[in-house]
Novice: 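Have a look at this one.
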Amino acid sequence: MTERVEEAMLAEWVTLRSLWGGDDSWVGDALRPVIDSAFATPELRALFPFTSHNSLCFSRCSSYPYTLDSPCIAAWPDEYIVQASWAATDEPRPELVRTTDLELAITTVIDNLPPNRAVWLGDADRAPD
C-alpha cells in the first residue's frame with residue numbers, strides 16, 4: 001500500500017469518527033461503538049470505511065461507486081446485523097449474522113472479507129490492473 005493510499009484511508013477513518021462522534025441521535029449512538037471497534041481492528045482499518053444510513057461499510061476503493069465485495073454492519077440500538085455486502089439498491093442483502101455481540105459482528109465481517117484486499121484511490125470502475 002502506498003503512502004498516499006494510507007494517508008487517504010486514515011483521513012476517511014478520522015473524518016468518519018469525527019462525524020459520528022458528535023451525533024447524539026440513535027444512529028450516532030449505535031454506530032459509534034461499531035466505528036471505534038472496526039478502527040481498532042487492523043483487517044478493517046486497512047479498508048476504506050463509509051456509512052450508509054445506520055450501516056458501517058467497507059470498500060477497497062476510496063470513492064463511489066464503492067466495491068461491493070465486503071460485508072457491512074447495520075447498527076441498531078440493541079443489535080448488529082452483518083450483511084454480506086453493501087448495495088445501492090432496494091434488493092435485500094443476505095444476513096450473515098444477527099447479534100447483540102459487537103465482537104461477533106466484527107469477527108463475522110473479518111471472516112467474510114474478500115481474499116483480494118488490494119486498495120486504491122478512485123472508484124470501483126477504475127480498479128488497478
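Throughout, numbering of the chain's residues begins at 1 and tracks the sequence. What you see below is based on every heavy atom in this structure, not just the backbone, and it leaves out hydrogens, waters and symmetry mates.
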Novice: Residues two or more places apart in sequence or in another chain: which of them pass ring-ring contact (aromatic ring centres under 6.0 Å, His included) with F39?
Specialist: W13
Novice: What are the two closest heavy atoms between A75 and V34, and how far apart are they?
Specialist: CB-CG2, 4.0 Å
Novice: T108: what forms a side-chain contact (heavy atoms from CB on, under 4.5 Å) with it, not counting sequence neighbours?
Specialist: V82, L96, V97, L104, N112
Novice: For R126, what residues pass the side chain to side chain donor-acceptor pair (under 3.5 Å) criterion, not counting sequence neighbours?
Specialist: D123
Novice: Keeping to residues at least two apart or across chains, list the salt bridge (charged side-chain N to carboxylate O under 4.0 Å, His left out) pairs with something in residues 97-112.
Specialist: E79-R98, E95-R98
Novice: Does D29 have any salt bridge (charged side-chain N to carboxylate O under 4.0 Å, His left out) partners at least two apart in sequence or in another chain, and if so, which?
Specialist: R32
Novice: Heavy-atom distance under 4.5 Å between the side chains of D125 and P65, does that happen here?
Specialist: yes
Novice: To the nearest 0.5 angstrom, please state how far the CG atom of L31 sits from the NE2 atom of H53.
Specialist: 12.0 Å
Novice: With a 4.5 Å limit on heavy-atom distance, are the side chains of F48 and L121 in contact?
Specialist: yes
Novice: Rounded to the nearest 0.5 Å, what's the gap from OG on S55 to CZ on F50? Could you check?
Specialist: 9.0 Å
Novice: Output all residues satisfying side-chain contact (heavy atoms from CB on, under 4.5 Å) with E43, sequence neighbours left out; order by chain, then residue number.
Specialist: T41, I110, L113, R117
Novice: To the nearest 0.5 Å, tell me how far D23 CG sits from T51 OG1.
Specialist: 10.0 Å
Novice: Can you name the nearest heavy-atom pair linking L16 to P49, along with the distance?
Specialist: CD2-CB, 3.6 Å
Novice: Take a 6.0 Å sphere around CH2 of W26 and say whether it holds more than 12 heavy atoms from other residues, nucleotides or ligands.
Specialist: yes
Novice: For S52, what residues pass the side chain to side chain donor-acceptor pair (under 3.5 Å) criterion, not counting sequence neighbours?
Specialist: W86
Novice: Could you pull out all residues at least two apart from D78 that satisfy side-chain contact (heavy atoms from CB on, under 4.5 Å)?
Specialist: none
Novice: Would a 4.5 Å heavy-atom cut-off, applied to side chains only, mark L56 and Y80 as touching?
Specialist: no
Novice: Quick one: does S70's side chain get under 4.5 Å of P114's, heavy atoms only?
Specialist: yes
Novice: Check A30 against P77 and note the closest heavy-atom contact, atom names and distance.
Specialist: CB-N, 4.3 Å
Novice: According to a 4.5 Å side-chain heavy-atom criterion applied to Ile, Leu, Val, Met, Phe, Trp and Tyr, with indirect links allowed, do W76 and I35 form part of one hydrophobic cluster?
Specialist: yes
Novice: With sequence neighbours left out, which residue pairs that include part of residues 1-21 fulfil the salt bridge (charged side-chain N to carboxylate O under 4.0 Å, His left out) condition?
Specialist: R17-D36
Novice: Decide whether L10 and W20 are clustered together by the hydrophobic rule: side chain heavy atoms of Ile, Leu, Val, Met, Phe, Trp, Tyr closer than 4.5 Å, transitively.
Specialist: yes
Novice: Check side chain to side chain donor-acceptor pair (under 3.5 Å) between S18 and all other residues, then give those that pass, not counting sequence neighbours.
Specialist: none
Novice: Kindly give the heavy-atom pair with the smallest separation between L102 and S37, and that separation in Å.
Specialist: CD2-CB, 3.8 Å
Novice: How long is the span from the CG atom in L47 to the SG atom in C61, to the nearest 0.5 Å?
Specialist: 10.5 Å
Novice: Write down the atom of F58, the atom of P71, and the distance for their closest heavy-atom approach.
Specialist: CD1-O, 3.3 Å
Novice: Y66 versus C57: any side-chain heavy-atom pair under 4.5 Å?
Specialist: no
Novice: I'd like to check the side-chain contact (heavy atoms from CB on, under 4.5 Å) partners of A46; sequence neighbours left out, ordered by chain and number.
Specialist: none
Novice: Please, which pairs that meet salt bridge (charged side-chain N to carboxylate O under 4.0 Å, His left out) have at least one residue in residues 62-74, sequence neighbours excluded?
Specialist: R60-D69
Novice: Looking at every heavy atom in both P42 and A40, which two are closest together, and how far apart are they?
Specialist: CD-O, 3.5 Å
Novice: To the nearest 0.5 angstrom, please state how far the CD1 atom of I73 sits from the CG atom of N54.
Specialist: 11.5 Å
